[in-house]
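Below is one structure, written out as structure tokens; the observations come after it.
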Amino acid sequence: MAEDTNIILESKEPALGKIEVAPQVLEVIVGIAASQTDGVARMRGSLANSVNELFGRKEHGKGVKLTFDGDELAVDVYVYLNYGVAVPKVALAIQDSVKQQLLFMTDLDLREVNVHVEGVIPEKTAQQVDPDNLFNQPDEGDSEQS
């Protein structure tokens, strides 16, 4: 979670006023950019995030930590990847996507984007249990007769 202080964006026209962005907005931008990258299964969340999602409220800022020191912004992204993807390739794609989206939407330049791979999510396999024959026993009519 980011700090509670707003981040002030530099304006080219100072006479118009200043622009402040809440850190939660940046977390949402980073979270969406990272989760929409090919190969990302999901973002790391907490128990509170899981409970909120059960009630239908999507948390886009989960798995993101911002550090703002002076004029430099550092982002830590915590992700779970799909099984079988190239981890370095997906991590580089996450870094690129996050950097582009933040620059495009806020004109903020990042010092660094750190990607933390928390785990790999295996593919779901088809259910191998027959609901009509739970214990895999042959039917009475299928037994061999001597």
Side-chain angles (χ1 to χ4, degrees), residues 1-139 142:
M1 191 75 165
E3 303 143 5
D4 291 334
T5 59
N6 289 341
I7 296 168
I8 299 173
L9 301 179
E10 296 297 324
S11 177
K12 295 175 185 166
E13 298 283 334
L16 295 176
K18 65 181 179 179
I19 301 169
E20 292 186 14
V21 178
Q24 293 82 5
V25 173
L26 300 178
E27 288 176 353
V28 169
I29 293 169
V30 171
I32 292 173
S35 65
Q36 290 181 347
T37 304
D38 288 337
V40 175
R42 62 185 171 92
M43 304 292 285
R44 181 183 76 176
S46 64
L47 180 62
N49 295 129
S50 300
V51 170
N52 281 339
E53 286 184 1
L54 283 176
F55 291 114
R57 293 176 25 197
K58 186 86 170 146
E59 294 281 335
H60 291 291
K62 68 180 183 179
V64 176
K65 180 183 175 201
L66 297 177
T67 307
F68 194 73
D69 294 325
D71 293 340
E72 294 184 334
L73 179 65
V75 176
D76 289 294
V77 180
Y78 299 87
V79 296
Y80 288 89
L81 300 181
N82 293 323
Y83 178 78
V85 300
V87 174
K89 183 178 177 182
V90 174
L92 287 172
I94 291 170
Q95 288 175 326
D96 188 48
S97 177
V98 166
K99 185 175 181 177
Q100 283 182 3
Q101 286 300 315
L102 271 179
L103 187 62
F104 174 72
M105 296 182 76
T106 63
D107 207 24
L108 283 173
D109 203 14
L110 292 174
R111 180 183 70 210
E112 59 187 19
V113 178
N114 301 312
V115 178
H116 305 271
V117 178
E118 295 286 309
V120 175
I121 306 295
E123 296 176 1
K124 290 185 179 182
T125 57
Q127 185 177 10
Q128 300 295 328
V129 177
D130 181 13
D132 296 328
N133 190 3
L134 292 176
F135 300 107
N136 202 16
Q137 296 177 351
D139 291 338
D142 292 345

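All values below come from the heavy atoms of this structure, side chains included, with hydrogens, waters and symmetry mates left out. Heads up: numbering here begins at 1 and tracks the sequence.
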How close do S97 and A33 get, heavy atom to heavy atom, and via which atoms? OG-O, 3.3 Å
Just verifying a value: how many Å separate E27 CD and K65 NZ, rounded to the nearest 0.5 Å? 11.0 Å
Which value, rounded to the nearest 0.5 Å, describes the distance between L102 atom CG and D107 atom CG? 11.0 Å
Over all heavy atoms of both residues, which pair between I29 and T106 is shortest? Give the atoms and the distance, please. CD1-CG2, 4.1 Å
Please lay out, stage by stage, how E112 and D76 fare under the test side-chain contact (heavy atoms from CB on, under 4.5 Å). CA-CA 8 Å; E112 59 187 19; D76 289 294; 5.9 Å; no
Of I94, V115, I121, the one forming a side-chain contact (heavy atoms from CB on, under 4.5 Å) with V40 is I94
Is any side-chain heavy atom of V28 closer than 4.5 Å to a side-chain heavy atom of V25? no
Can you name the closest pair of heavy atoms from V90 and T37 and give their distance? O-CG2, 4.3 Å
H116 and V79, any side-chain heavy atoms less than 4.5 Å apart: no
Side chain proximity check, K99 to V75, heavy atoms < 4.5 angstrom: no
Approximate separation, where rounding is to 0.5 Å, of N114 CG and Y78 OH: 8.0 Å
L73 versus F68, closest heavy-atom pair with distance: CD1-CD1, 3.7 Å
In short, T5 meets P23 closest at the heavy-atom pair O-CG, 3.1 Å
Would you call E72 and L110 a side-chain contact if the rule is heavy atoms closer than 4.5 Å? no
Would you say the side-chain atoms of E20 pair up with the backbone N or O of I7, donor to acceptor, closer than 3.5 Å? no
Taking the side chain as every heavy atom from C-beta outward, state whether M43 and Y80 have any atom pair closer than 4.5 Å. no
When you measure from the side chain of S35 to the backbone N and O of G31, does any donor-acceptor pair fall under 3.5 Å? yes
Is there side-chain contact between V30 and V77, with at least one heavy-atom pair below 4.5 Å? yes
L26 CG to Q101 CD distance, which is reported to the nearest 0.5 Å: 12.5 Å
